[in-house]
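These notes are about the structure you will find just below.
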Amino acid sequence: AIENILLAAEAMGLGAVWTGVYPRKSRVEYLKKLFSLPDHIIPLAVIPVGFPKGTDKPKDKWKPEKLHWDTFGNNKQASLVKGGK
């Protein structure tokens with residue numbers, strides 16, 4: 001459900017971020033008190049939504065040395081995902 005909210009915000013030109021709450025007891029208790037939640041409700045996350053300040057630029061996090069084939073450490077095989085050698 002949170003992913004769908006994030007995608008919907010993006011489609012509307014808004015910025016949103018998944019902010020984890022559970023299992024950190026202090027965060028759970030704080031939000032329960034702040035929103036007067038009953039004991040059987042456990043908040044999982046808070047999703048701040050707003051207008052982005054700037055332009056989001058895609059990041060290239062691809063690192064072929066992190067890809068392992070069949071066994072850990074076997075990263076010599078050409079990649080089928082991006083520009084294999």
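Quantities reported herein were computed from a predicted structural model and do not represent experimental measurements.
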> So which heavy atom on Val21 is nearest to which on Leu31, and how close?
Replying inline: CG2-CD1, 3.3 Å

> Does some side-chain heavy atom of Trp62 sit less than 4.5 Å from a side-chain heavy atom of Leu67?
Replying inline: yes

> Mind checking what makes ring pair (Phe, Tyr, Trp, His ring centres under 6.0 Å) contact with Phe35, not counting sequence neighbours?
Replying inline: none

> Using a side-chain heavy atom cutoff under 4.5 Å and only I, L, V, M, F, W and Y, what cluster partners does Leu7 have?
Replying inline: none

>> Counting C-beta onward and ignoring hydrogens, is there a side-chain heavy-atom pair between Val46 and Pro48 closer than 4.5 Å?
In response: yes

> Which heavy atom in His68 sits nearest to a heavy atom in Lys66, and how many Å separate them?
Replying inline: CD2-O, 3.2 Å

> Considering residues, nucleotides and ligands other than Glu10, do more than 12 of their heavy atoms fall under 6.0 Å from its CD?
Replying inline: no

> Got a second to check how far Ile42's CD1 is from Tyr22's OH, nearest 0.5 Å?
Replying inline: 6.0 Å

> What's the shortest heavy-atom distance between Pro52 and Gly13, and which atoms?
Replying inline: CD-O, 3.5 Å

>> Can you tell me how far apart CD (Glu29) and CG (Leu37) are? Round to the nearest 0.5 Å.
In response: 10.0 Å

> What are the two closest heavy atoms between Asp39 and Lys32, and how far apart are they?
Replying inline: O-NZ, 3.0 Å

> Residues sharing Val49's hydrophobic cluster, by side-chain heavy-atom contacts under 4.5 Å among ILVMFWY, directly or via others?
Replying inline: Ile2, Ile5, Leu6, Met12, Leu14, Trp18, Ile47, Phe51

